[in-house]
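For ligands, and for the atoms within them, numbers begin at 1 and follow the listed sequence.
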Amino acid sequence: MMNVEQLKKDFPIFQHHPELVYLDSTATSLKPHVVVDAEREYYEHYGVNVHRGVYALSEQATAAYEGAREKVRKFIHATSTKEMIFVRGTTEGINVVANTYSQNFRKGDVILLSEMEHHANIVPWQALVKWIGVELRWIPVTEQGDLDLTNIDELLKGVKLVAVTHMSNVLGVVNDVKFLARKAHTVGARILVDGAQSVTHFPVDVKDLDCDFFVFSGHKMLGPTGIGVLYVKEEIGKTMEPYQRGGDMILEVTKETATWNELPWKFEAGTPNIAGAIGLGAAVDYLNQLGMEAVWIHEQELAKYGREQLAHCPGLQLLGGNAASPRGAIFAFELAGIHPHDVGSILDEQGIAVRAGHHCAMPLHARFGLAATTRASGYIYTTHQDIDRLVAGIKKVQEVFA
Ligand code: C6P
């Protein structure tokens, strides 16, 4: 059982805003001291470049940067650090694949997405419709908020790549990507899993899932902004062209041509986000200390409690409230007759931070006939009292608009 009140002391933001009810962790998580300290220590004690210098400080920076890579490798159970490419975040990770792996695609090839994708897992593929003439196909979402896999065999015909989210940033549902990976592989397709929300909330084993690509962002899992990971199975990474070209990603350059460095550095052109990677490593250490199983138990309890409490709010409709899939503490809802932006503003006046809008998932909102919702989302530092404050805050909103 996690001691949330004790754990909150690790997060400096609560010292600056003791009354804050932070329910926007799906957008970004708060950062514990250890992450901020790890970045500061790098800049203050050994803040030099990696892979280049022959002096001790540079070796120290390189060891810390590559050490962070090893930590994230272990965290998602990848086989080798060659499969762990540091990128800016989920968005960049997906763009790398869309820009380079797409060299395998031909006109008429199909990419299978789902209706619950974040725009980051839609828009890069739409570019390939224009550039190559691929077709996008969609796994529907049921009224309850689950992926509708009834016709999955039909949907998979002609598919070269399945690109799906592991956990929806709106519905909070967890999709069975292991099943989808097996299905994709039976038709010779690859699968990319958007792990932006999953890796933060429960244990992930990319080998067990057998996904070909897995992407996530550091800032949603207690780490810094501007750092994330693209996991690519080594046999696939080897065949892919670099995404960007420049320093550090080369083996040899002549006036005419160049050859590429080994994996993963082939995909890391230029000076990387060294401090960010080290900060992410510290976030992984922190999460490991808590234990990801414990994080998920806390999250599911919070999800259950939140659903029960929100059910008492008259006129509140939870998106995907009856989904059968496992789910985390993400509550996107409509309040009858009140615009989500008004809900968000009045909650903010009460010290409750939520997100209002389409949450970068417009096709999903369109699926439910909505333009926007209010979204409250929790994480390891979220308490039942935070949920109670939200429910009281919603009542206040309704009083204002009565
Ligand atoms: N979702 C949200 O408020 P970046 O911005 O690259 O770190 O992550 C993009 C992304 C991709 N996939 C999923 C499932 C996501 O939830 C996100 C980020 C935030 O829901 C910010 S829009």
Side-chain angles (χ1 to χ4, degrees), residues 22-31 35 72 85-99 113-126 139 141 145 147 162-175 177 180 191-202 204 209 211 213-231 243 273 276-277 279-280 283 299 319-320 325 327-333 340-341 344 353-365 367 370 372-379 382:
Y22 184 69
L23 292 173
D24 199 18
S25 287
T26 297
T28 198
S29 68
L30 303 175
K31 319 300 169 203
V35 167
V72 279
I85 299 156
F86 279 128
V87 288
R88 279 195 300 135
T90 308
T91 303
E92 188 174 56
I94 296 172
N95 273 281
V96 172
V97 180
N99 278 271
L113 310 176
S114 90
E115 284 181 336
M116 65 168 80
E117 296 314 310
H118 185 280
H119 297 164
N121 199 24
I122 297 176
V123 183
W125 310 118
Q126 286 176 340
I139 304 174
V141 170
L147 283 187
V162 178
V164 283
T165 190
H166 202 177
M167 176 168 169
S168 161
N169 67 320
V170 177
L171 307 167
V173 298
V174 180
N175 295 321
V177 293
L180 283 170
I191 181 164
L192 176 144
V193 175
D194 174 350
Q197 298 300 340
S198 65
V199 78
T200 57
H201 297 298
F202 53 84
V204 166
L209 296 177
C211 51
F213 307 95
F214 187 92
V215 274
F216 59 97
S217 304
H219 70 97
K220 295 188 198 287
M221 50 182 287
L222 310 178
T225 54
I227 188 78
V229 170
L230 163 63
Y231 158 85
Y243 172 54
N273 183 355
L280 176 57
E299 177 101 6
L319 229 64
S325 314
R327 56 186 306 152
I330 301 177
F331 314 102
F333 59 87
H341 285 134
V354 296
R355 185 171 170 186
H358 50 63
H359 322 305
C360 301
M362 289 175 92
L364 179 66
H365 279 77
R367 152 73 185 84
L370 298 168
T373 50
T374 309
R375 186 189 67 190
S377 53
Y379 199 22
T382 308

I'd like the residue list for ligand 1, meaning every protein residue with a non-hydrogen atom under 4.0 Å from the ligand. T26, A27, T90, T91, H118, A120, T165, N169, D194, A196, Q197, S217, H219, K220, R355, C360, R375

Should we say atom CZ of R355 is surrounded by more than 12 heavy atoms from elsewhere, each under 6.0 Å from it? yes

Residues two or more places apart in sequence or in another chain: which of them pass side-chain hydrogen bond (donor to acceptor under 3.5 Å, both in side chains) with S25? Y381

Applying side-chain hydrogen bond (donor to acceptor under 3.5 Å, both in side chains) to S29 and not counting sequence neighbours gives none

Before giving the answer on side-chain hydrogen bond (donor to acceptor under 3.5 Å, both in side chains), spell out for H118 and T165 the whole-Å C-alpha distance, their side-chain angles and the decisive distance to 0.1 Å. CA-CA 8 Å; H118 185 280; T165 190; over 6 Å; no

Check: residues 167-174 side-chain donor-acceptor pairs under 3.5 Å, at least two apart:
from: S168; atom 1: OG; to: V170; atom 2: N; distance (Å): 3.0
from: S168; atom 1: OG; to: L171; atom 2: N; distance (Å): 2.8
from: N169; atom 1: ND2; to: H359; atom 2: O; distance (Å): 2.9

Do S198 and H166 meet the criterion of a side-chain donor-acceptor pair at a distance under 3.5 Å? yes

